[in-house]
Amino acid sequence: QVQLVESGGGLVQAGGSLRLSCAASGSIFSINAMGWYRQGPGKQRELVAAITSGGSTNYADSVKGRFTISRDNAKNTVYLQMNSLKPEDTAVYYCNAKGRLNTGWGPLFDSWGQGTQVTVSS
C-alpha cells in the first residue's frame, strides 16, 4: 500500500509564505500524478494544484501566480510553495497521489495524506 506523509503547515500572517511537503512511500511502481487539495471550514474539498510525472501543472484560479507546485520524482515527493497567503487560504491541505503498485502491470492506487492545517491570520 501507499503512505503519504505531509509536513509544513502552520500559522502565518497574511502576505506570508509556507512550503508544504508530501512524501510517498510503500510498494510504488510509478506515480502518475501528485496534487494538493484543501478543505476550508464549511466548504467542500477542492483542487489547489496538481503535477504529472512529466512536469505538467494545473492550478486553481484562486492560487495562480501565488502558489507553485513541484515534485522530486526520485524521492516520490511533492511540494507546494505558497506565497502571498490570504486569510481565505485557511484550510486543511491534503496531498494526493495516483499511480501503480508493485510492477508495470500492478493495480492502480489513489491515496491521500492525513492533512495538514494552514491558518492565515489577517
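Residue numbers start at 1 and run along the sequence shown.
Not one N or O on the side chain of Glu6 forms a donor-acceptor pair closer than 3.5 Å with the backbone of Ser21. The backbone N or O of Val92 sits nowhere less than 3.5 Å from a side-chain atom of Gln39 that would complete a donor-acceptor pair.
Using a 30° and 60° split on the angle between ring planes, Phe67 and Tyr93 fall in the tilted class, from 30° to 60°.
Residues Pro87 and Ser122 share a closest heavy-atom pair of CG-CB, 3.9 Å. Closest non-hydrogen pair, Val12 versus Gly16, comes out as CG2-CA, 3.8 Å.
Annotation: side chain to side chain donor-acceptor pair (under 3.5 Å) contacts involving residues 53-63, sequence neighbours excluded, comprise Arg38-Ser62, Asp61-Lys64. Screening residues 83-122 for disulfide bond (SG atoms under 2.5 Å apart) gives Cys22-Cys95 as the qualifying pairs, with residues at least two apart or on separate chains.
Arg45 pairs by the salt bridge (charged side-chain N to carboxylate O under 4.0 Å, His left out) definition with nothing, not counting sequence neighbours.
Leu4 and Val78 fall within a single hydrophobic cluster, where Ile, Leu, Val, Met, Phe, Trp and Tyr side chains are chained together by heavy-atom contacts under 4.5 Å. Cluster membership check: Val120 shares its hydrophobic cluster with Val48, using side-chain heavy-atom separations under 4.5 Å among Ile, Leu, Val, Met, Phe, Trp and Tyr. One hydrophobic cluster holds both Phe109 and Ile51 under the rule that ILVMFWY side chains link at heavy-atom gaps under 4.5 Å. Taking hydrophobic clusters as Ile, Leu, Val, Met, Phe, Trp and Tyr residues chained together by side-chain heavy-atom distances below 4.5 Å, Ile31 shares a cluster with Leu101.
Proximity of Ser17 to Gln81: side-chain heavy atoms (C-beta onward) are separated by under 4.5 Å at one or more points. Contact check for Val118 versus Leu20: side-chain heavy atoms found under the 4.5 Å cut-off. Using a 4.5 Å heavy-atom cutoff, the side chains of Ile69 and Tyr79 are not in contact. A heavy-atom distance below 4.5 Å is found between the side chains of Arg66 and Asp89.
Using modelled atom types, one finds a donor on one side chain and an acceptor on the other under 3.5 Å when comparing Gln117 with Thr119. Between the side chains of Asp72 and Thr77, not a single donor N or O lies within less than 3.5 Å of an accepting N or O.
Interatomic distance, CH2 of Trp112 versus OH of Tyr94, reported as 9.0 Å (0.5 Å rounding). Atoms CG and CE, on Asn73 and Met34 in that order, are 9.0 Å from each other to the nearest 0.5 Å. The structure places OG of Ser7 at 9.0 Å from CZ of Arg19, a figure rounded to the nearest 0.5 Å. Rounded to the nearest 0.5 Å, atoms CG (Asn96) and OH (Tyr37) are 5.0 Å apart. To the nearest 0.5 Å, the span separating CG on Leu85 from CG on Asn83 amounts to 7.5 Å.
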Go through the steps to decide whether Trp105 and Phe29 satisfy the test ring-ring contact (aromatic ring centres under 6.0 Å, His included), and finish with yes or no. CA-CA 9 Å; Trp105 303 271; Phe29 174 76; 7.8 Å; no
Derivation and outcome, side chain to side chain contact (heavy atoms under 4.5 Å, CB included), residues Val2 and Ile28: CA-CA 7 Å; Val2 177; Ile28 299 169; 3.8 Å; yes
